[in-house]
Amino acid sequence: MYKTFGIFAHVDTGKTTFSEQILYYGQGIQARGRVDHQNAFLDLHPIERERGITVFAEQGMFTYNNNTYTMIDTPGHVDFSPEMERAIQVLDYAVVLVDAVDGVEGHTETVWQLLRKHHIPTFFFINKMDREGANLDKAIASIHALLTPNTVVLTNHLTKEMDEPLAEAVAALDDTLMERYFETGYTRDVFEAALCQMIRDERVFPIHYGSALQDEGISTFLQHFDRLTATNYDAAAPFAARVYKVRHDEKGQRIAYLKIDAGRLKAREALEIDGEMMKVGQIRLYNGEKFEQLQEAVAGQSVGIYGLKNAVIGTTFGDAVSYKAPSLVPTLQSHVVFEDGVSPKEMLRYFRLLEAEDPSLEIVWQEALQEIHLHIMGVIQLEVLQQVLAERFQLMVQFEAPTIIYKETIFTSTKGYGHFEPLKHYAEVHLRMEPAPRGQGITFINECHADDLLVGQQNLIQKHVLERAHHGLLTGSAVTDIIVTLVTGKAHIKHTEGGDFREATHRALRQGLEQVENVLLEPYYAVVMRAHIDHMGRMMSDLQMASGTFDAPFTEGEYVTIHARVPVASFLTYPTQFAAYTNGKGSICLVFDGYDRCHNTDEVIERIGYDKQADPNYTSNSIFCSHGKGYVVPWQEAEALMHANTEL
């Protein structure tokens, strides 16, 4: 049986040490490494060893009781959350570590929400029970208060068989099982099978505890994990798989990492990507830095494939589980500064390789300025990128100080009209544009009749709406949270070419924006602050000054906790100030919490200084043709001149 699971934790909770212990007990490694000794098995990159943090999600393999396990060690730092979220999508189970002293911390809550979004059955391990101040009951209480009350403690209760107190705890979570318990009493096989199913259904989340550093509770955890987890991959079913990771080897060849959901894949077999057939080259089963070359991969395995040059993260084959767009997205952007004499345009190819490996970077080439811009989660990510560029490509760069990524949307519904008709070209597009809920992005709906436009032409318009971010009118930032409906359009039997619909579509989008109130959006943090009660007044005052909102403070003994929502722009440097006035004894967690109205719109618009009339990529005007010559029609006059029916 193949099982894939991931290890998750807040920074410094002992995740890598725990992973080393699991691999050791599964006989995947002969000796346990340590982060502080820079010899952890899954810290493959020099960057990780030097910094003592996990940056890349890597997998280790082991066999235990005839089950084959793939264990993925994920980054714990918020700057590398996109890498962690991509790994989640291929898991059968997850293990979340909680600190026995600090309990559930901010990033753990984020991880928990992602695991629930992707429906990954989850085990808890309360680590560092050897630390001074460790409190098992308090750590469990924090799980119940902040994550879920549906837990059962398995350490010391599930040995060779389930004991009576555990059976009662499991029965209490299921009415049918409780009735059976009262009628027939405890039956080991029945209750253990029921617990296994309840875990898979996410109705119960087991808790273990111990110390990874002192090797306490690890062996027991692995025994229980093996007994209470199950998968049902079908190698006889039609082939289905998805790409969840992309890497490049030292020669620049692309390696697409596939999680095989069903069926089999043989070397030299052909797969179709975007209408092009590609032959599978090497199939590699990775275990840390080492790999085994396979002639065939089967359902349940995660393998690296050569030869799929067009594969990107999210590419699916057959009836595979759909790849979900990430929830954690960058809120900052930065400009790359090269050494004198280096051509940024020539260096762009290196950044495109990094973007293929981490799509959240969203590399932007600004032709007019000859500059490369990229999206980031935080300053530590920039430091790592700088090191990666130097080590992999011998490219020495600097990054400008990060700035906020703004977005724009519309306040009310509108219609947009675009016409593109210079000599021997013709396309017209009519769009309805409506505000969508926050975080929905751009949604496309097609209501166009086939009598008006061919299906292929309608698909072209859809492609041009969704293929890239479109500039708003206020700051030139990407527009979002809009439902775009293709109502109708027009083509010429002789003169219409594919690029004509791109021009007409972009003009229609822009013309629609011109007619309504545009809204500037900025990213927000969900903030959890905890400090001595003496600092409560300062904390609330700072939140108000930062244009934040917060719930009533929660006091526990001499400490106060405040949950707040604050613009990212107001809080970028605040953790440093917080650490200073709390003498390093307070805790603060900042988690991306979506976009909302900008708190200082006029100031931002003035600072960015975007001129919508001078955008080289966009215009709101249309082009019509008269007497064999094209002429520009301002956006205000375009609707009256449209050829298709504007009443639709």
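Quick caveat: nothing in here was measured; it's all calculated off a predicted structure.
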Would you find a donor on one side and an acceptor on the other, under 3.5 Å apart, between the side chain of Thr13 and the backbone of Lys15? no
My understanding is that only one of Asp92, Thr229, Thr70 makes a side-chain hydrogen bond (donor to acceptor under 3.5 Å, both in side chains) with Lys3; could you say which? Thr229
Assert yes or no for the condition that the ring centre distance of Tyr286 to Tyr257 is strictly below 6.0 Å. yes
Quick one: does Arg254's side chain have a donor or acceptor within less than 3.5 Å of a partner on Ala311's backbone? yes
Using salt bridge (charged side-chain N to carboxylate O under 4.0 Å, His left out), reason through Arg530 and Glu105 one step at a time and then give a plain yes or no. CA-CA 10 Å; Arg530 185 173 185 272; Glu105 297 171 86; over 6 Å; no
Partner of Phe124 by ring-ring contact (aromatic ring centres under 6.0 Å, His included), out of Trp112, Phe225, Tyr209: Trp112
Between Tyr2 and Tyr69, ring centroids under 6.0 Å: no
Kindly determine whether Asn67 and Asp226 satisfy side-chain hydrogen bond (donor to acceptor under 3.5 Å, both in side chains), including the steps that lead there. CA-CA 8 Å; Asn67 292 313; Asp226 182 69; 2.9 Å; yes
Before we go on, tell me: are the rings of Phe221 and Phe18 under 6.0 Å apart, centre to centre? yes
Distance under 6.0 Å and angle within 45° of the ring axis: does Arg538 meet both against Tyr581? yes
For Glu355, all residues meeting side-chain hydrogen bond (donor to acceptor under 3.5 Å, both in side chains), sequence neighbours excluded: Arg352
Relative to Tyr244, does Arg86 satisfy both conditions: NZ or CZ under 6.0 angstrom from the six-membered ring centre, and within 45 degrees of the ring's axis? no
So, Ser360 versus His375: side-chain donor-acceptor pair below 3.5 Å or not? no
Return the set of residues passing salt bridge (Lys or Arg N to Asp or Glu O under 4.0 Å) with Lys117 (not counting sequence neighbours), or none when no residue passes. Glu85
Do the numbers put Arg284 on top of the ring of Tyr306, so that NZ or CZ is under 6.0 Å from the six-membered ring centre and no more than 45° off the axis? no
On the 0 to 90° scale, with breaks at 30° and 60°, tag the Phe571-Tyr574 ring pair as parallel, tilted or perpendicular. parallel
Hey, does Phe578 have a side-chain heavy atom less than 4.5 Å from the side chain of Asp542? no
